[in-house]
Visitor: 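Before I ask anything, let me first share the structure, which is written out below as structure tokens.
Computed from heavy atoms alone, side chains included, the values below leave out hydrogens, waters and symmetry copies. A, B, ... follow the sequence lines: proteins, then strands. Residue 1 opens every chain.
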2 protein chains.
Amino acid sequence: MPATLRPSPLAEPSQTLSHRIRTDLEAKILSGDWAPGHRIPFEHELMAQYGCARMTVNKVIAGLVAAGLIERRRRAGSFVAQPRIHSAVLRIPDLPVEIAARGETYRYQLIARKRRPVRQDDPAGLADEEGVEVLELTCLHYANGRPLALEQRLISLSTVPGAAEVDFAAVAPGSWLLQHVPWTEAEHRISARAATARVAEALGVTKGAACLCLERRTWRSGETVTHVRQLFRGDAYDLVARFSPQG
Amino acid sequence: MPATLRPSPLAEPSQTLSHRIRTDLEAKILSGDWAPGHRIPFEHELMAQYGCARMTVNKVIAGLVAAGLIERRRRAGSFVAQPRIHSAVLRIPDLPVEIAARGETYRYQLIARKRRPVRQDDPAGLADEEGVEVLELTCLHYANGRPLALEQRLISLSTVPGAAEVDFAAVAPGSWLLQHVPWTEAEHRISARAATARVAEALGVTKGAACLCLERRTWRSGETVTHVRQLFRGDAYDLVARFSPQG
DNA sequence: GATGCATTAATGTCTATACATATTCTGCCG
DNA sequence: CGGCAGAATATGTATAGACATTAATGCATC
């Protein structure tokens, strides 16, 4: 095979050269042909193999590094990375969107809205200083007229003073925050909990029923924006995460 | 400020130019200065601003695209992406490692191991053809001597014939698969379930107690590798996912 | 006003070259 | 044999130019 003879770009418009190189390398790695730790060919070898410039090979490998498939060491070469098997991209859907996508009708109901100083028993990290005010919201998300999730939320009024002016009667706080407050970091905690009497009543399930609890805390440059706890009816909601190494 | 006057590389070794451009753009986006949907400067404008070649700007923006911060449209320009707020990187820890990291002792117990043909009521997609054999495993993971998770697993023996030779008495099937079988795709499903009588007995909880159910299916080039369902004691286990936009 | 076409501007890809930087390797010397 | 200086080499970054591709734009036509 004359490796350096490359068809003209016009003769092969199906894919770009970069794309072909990337696909080839990914295939070698994902098939297990090149095991983790294996040294892949040097840039100059790939240049010769594909008959292209070094920048082309370099950009491809840089992409694979960004995707976590390859690690590089100067002078030593490029190596297949140890697979980070235990990480997955979890999509936590916007409830109105998700419910609509399932062909069900969405309804939102505000149950309580209170402005108050932060307390000791509030989730940690909401405010370091005393006297900071928070907005405490309780609301229900319905799918097809049945309660799906009970949401309890605290919004830091020092980080998001604008939230004090919103009544959240029509728009869910999650949706409002998404559109008004940028964030830099978030943490999710997923657990299973038995419904307390209060939760059971709100969700229309029996006391002690299994609920999926999703807690999310969001920061903006180190300042807490919001803390939210959503309790889903366990019989009605799953979180799904799908992952393939290249993203 | 003479924007096109750039210090010589030797005079400013603190960071590379690409890195500075990237940091600047990220700051504009994450601070909310450039809201989602905002058109960022054209490549030729950034070239002029930083006094560099177009490839330099291009590589930076390509990185931001890969990171999901920016979307590009030919002729139209580059735009700040709508934040995919609801996607997070979920780390699903290796149980022995995770438990050890918490300072607890880990123990593994194989409860059942059976080789049998695939059945109709097995999870879909395990095998398209009839007569394919699977390895069915049931095992328990202990933390500090107390049951933490009940695991039920099916391994496709057509995809992973080597698994038939392993007895899984000492090594957990998850750990074995990690080290022996590469994978290309995985799907996770997280839900809350009430413990059945059988599950309750295995985990040492009362019947009906809330359990966190983690189902994972793994493929290799379209062929199912394994399907696993882990039921965690709801009072003893949370999944945690932490996410920041740049990864 | 609606439709179709040519123009144009911005991104997408690639080349050939250059120098910087880090690290491995080699061989010399004690 | 061990340690150290220097050579060799692979990656890291950047440049200036070229042409391809695509989609918004405005203009001419129906």
Visitor: I want to check a possible cation-pi pair here: Arg72(B) against Phe79(B), using under 6.0 Å from ring centre and within 45° of the ring axis as the test.
Guide: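 That pair does not qualify as a cation-pi contact.
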Visitor: Should Ser78(A) be listed as having a side-chain N or O under 4.0 Å from OP1 or OP2 of dT11(D)?
Guide: yes
Visitor: Within this structure, what is the CE-to-C1' distance between Met55(A) and dT15(D), rounded to whole angstrom?
Guide: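 Whole-Å distance recorded here is 10 Å.
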Visitor: Is the phosphate of dT15(C) approached by Thr56(A) (side-chain N or O, under 4.0 Å from OP1 or OP2)?
Guide: yes
Visitor: Using a cut-off of less than 4.0 Å, is there contact between a side-chain N or O of Arg73(A) and OP1 or OP2 of dA22(C)?
Guide: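 Answer is no, no contact under 4.0 Å.
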Visitor: Check the surroundings of atom NE2 in His19(A): do more than 12 heavy atoms from other residues, nucleotides or ligands lie under 6.0 Å from it?
Guide: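 No, not enclosed.
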Visitor: Provide, to the nearest angstrom, the distance between the OH atom belonging to Tyr50(A) and the P atom belonging to dT15(C).
Guide: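 In whole Å, dT15(C) P lies 13 Å from Tyr50(A) OH.
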Visitor: Closer than 4.0 Å, any side-chain N/O of His44(A) to the OP1 or OP2 of dA10(D)?
Guide: yes
Visitor: Rounded off to whole Å, could you give me the CG-to-P distance for the Leu64(B) and dT11(C) pair?
Guide: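 For the pair Leu64(B) CG and dT11(C) P, the rounded distance is 13 Å.
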Visitor: Take the protein atom CE of Met47(B) and the nucleotide atom C1' of dT15(D), then report the distance between them rounded to whole Å.
Guide: 10 Å
Visitor: Rounded off to whole Å, could you give me the CZ-to-C1' distance for the Arg39(B) and dT11(C) pair?
Guide: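 Distance, rounded to whole Å: 13 Å.
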Visitor: Verify, without hydrogens or angle tests, whether Thr159(A) (side chain) and Thr224(A) (backbone) share a donor-acceptor contact under 3.5 angstrom.
Guide: yes
Visitor: Rounded to the nearest Å, what distance is computed from the CZ atom of residue Arg22(B) to the C1' atom of nucleotide dT13(D)?
Guide: 15 Å
Visitor: Pick the nucleotide of DNA chain C nearest each of Ala53(A) and Ala76(A); which residue has the one closer to the 5' end?
Guide: Ala53(A)
Visitor: Which residue in the set Gln109(A), Arg153(A), Glu151(A) passes side chain to side chain contact (heavy atoms under 4.5 Å, CB included) when paired with Cys139(A)?
Guide: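 So the option named by the test is Glu151(A).
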Visitor: Does Arg74(A) contact dT21(C) through a side-chain donor or acceptor facing the base, at a distance under 3.5 Å?
Guide: yes
Visitor: Please report the distance, rounded to the nearest Å, between CZ in Arg72(A) and C1' in dA10(D).
Guide: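 Taking CZ of Arg72(A) and C1' of dA10(D), I get 8 Å after rounding.
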Visitor: Looking at Arg75(B), does any N or O in its side chain come under 4.0 Å of the phosphate oxygens OP1/OP2 on dT22(D)?
Guide: no
Visitor: Specify the separation, in whole Å, of atom CD1 of Ile70(B) and atom P of dG12(C).
Guide: 11 Å
Visitor: Which residue is it: Glu187(A), His227(A), His188(A)? I am looking for the one with a side chain to side chain contact (heavy atoms under 4.5 Å, CB included) to Glu215(A).
Guide: His227(A)
